[in-house]
Amino acid sequence: MADLRSDTVTRPTAGMRAAMAAAEVGDDVYAEDPTVNALEAEVAALFGHEAALFAPTGTMANQIALQLVVPPGDELLCDADAHVVTYEVGAAAAYGAISTRTWPALGAGLDPGVVEAMIRPDGYFAVPTRAIAVEQTHNRGGGGVIPLATLRELRRVADTAGLALHCDGARIWHAHVADGVPLHEYGALFDTLSVCLSKGLGAPVGSLVVGSAEQITRARFLRKRMGGGMRQVGVLAAAGRYALAHHLDRLADDHARAARLAEALAPCGVLAGPVRTNIVPLDLTGHRLDARALATAARAEGVLLSVLGPRTARLVTHLDVDDAAIDHAAKILPDLLTP
Ligand SMILES: Cc1ncc(COP(=O)(O)O)c(C=O)c1O
């Protein structure tokens, strides 16, 4: 099977497993796990921030960060398709009592002027806006990369209004590889980031919240409250350290394979947009196959893809799909998708 559903389906490599087996560990709730401490210091330094905190999932890392920057009852602005309001099961409301307001889904093509116009100032019982969240790369936005110039303009908007800027950077590694923007340059633009080790980087578990030392002290408290205080998790942090050392630069291979898939599919007229990173978004509007029918037919031919909506689907490249799998998908999918 060529499993192109998600970059979360990867399994740890032999080298990663060896690193996990050899990891020095301690009780991380006491902040005594040397491998976790090393990972946190390494990731904070990569983004030029003071500190970072290891969390079990991207969802928890995002939600801890949102609680750091938006007090209960106050408002977060984000894209209508943002992971934080689409796939995190209402956590911002349920755990943070955060009020969210969204701009129409524009993926990586967001317009800072639209965001600026949505900001509500304090006063007369309006819900005060406290933070803006963006997603780099944008998952439902087809792996699009928000340009650096847009992010700089958004930083200006946030500073003018006194707001915090959070980045859901589950796949910020892909943006870094695609656009060549140094990670510390992204880091400098955000008050908080969440970054994920278990997507393209191929670790089995783990995300980090990145921010100031003061924020991360508070984040440690919030993580425990949410049930995310873990003990001898150096074995997992070791997988993350291994992934950063060995799997970051190779994301360019995933991007090239996604581009090859896009090239094969272009004549079928089903690409939802340009392919910038490891996600190939499909729009089957008007096609004789809907997303579910395509997924069923592709599965029968040994290719798995994700259904996102009745007429939307995606293919994602990752560590566990090689050139042979892409060749196969690039052959059978255009056959299935002939009008
Ligand atoms: C953009 C984005 N943010 C956050 C997450 C959440 O990660 P997790 O599944 O580890 O909670 C995902 C998961 O796919 C994601 O795509």
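Just follow the structure's listing: the first ligand is 1, and inside any ligand the first atom is 1.
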Check your understanding: Where do T129 and E75 land on the side-chain hydrogen bond (donor to acceptor under 3.5 Å, both in side chains) test, with the steps shown first?
Key -> CA-CA 4 Å; T129 309; E75 181 177 82; 2.7 Å; yes

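- H328 places a side-chain N or O within donor-acceptor distance of the main-chain N or O of E301, the cut-off being under 3.5 Å.
- At least one donor-acceptor pair closer than 3.5 Å links the side chain of H318 to the backbone N or O of D3.
- Side-chain contact annotation: R140 with Y87, donor-acceptor N/O pair under 3.5 Å present.
- Heavy-atom proximity to T59, at under 4.0 Å, picks out these atoms of ligand 1: 6 (C), 7 (O), 8 (P), 11 (O).
- Taking a cut-off of under 4.0 Å to the non-hydrogen atoms of T57, the atoms of ligand 1 that pass are 10 (O), 11 (O).
- Looking only at distances, no side-chain donor or acceptor of Q63 sits under 3.5 Å from a matching main-chain atom of Y95.
- Atoms of ligand 1 lying under 4.0 Å from at least one heavy atom of D168, given by number and element, are 1 (C), 2 (C), 3 (N), 4 (C).
- Nearest protein neighbour of atom 14 (O) of ligand 1, counting heavy atoms only, is K199 CE, 3.1 Å.
- Of all protein heavy atoms, the one closest to atom 15 (C) of ligand 1 is H83 CD2, 3.1 Å.
- Ion pairing between a basic and an acidic side chain is recognised when a charged N comes within 4.0 Å of a carboxylate O; E263 and R260 show no such pairing.
- When atom types are taken as modelled, the side chain of R101 and the backbone of L76 share no donor-acceptor pair closer than 3.5 angstrom.
- Each of the following atoms of ligand 1 lies closer than 4.0 Å to a heavy atom of R171: 1 (C), 14 (O), 15 (C), 16 (O).
- Atoms of ligand 1 lying under 4.0 Å from at least one heavy atom of A170, given by number and element, are 1 (C), 2 (C), 3 (N), 15 (C).
- Residue contact check: E88 has heavy atoms under 4.0 Å from atoms 4 (C) of ligand 1.
- For ligand 1, the atoms lying closer than 4.0 Å to a non-hydrogen atom of N62 are 3 (N), 4 (C).
- Checking only distances, S198 never comes within under 3.5 Å of ligand 1, N or O to N or O.
- For atom 10 (O) of ligand 1, the nearest protein heavy atom (residue, atom name, distance) is G58 N, 2.8 Å.
- Against a heavy-atom cut-off of under 4.0 Å, E135 is close to the following atoms of ligand 1: 1 (C).
- No donor-acceptor pair under 3.5 Å is formed between the side chain of D290 and the backbone N or O of R311.
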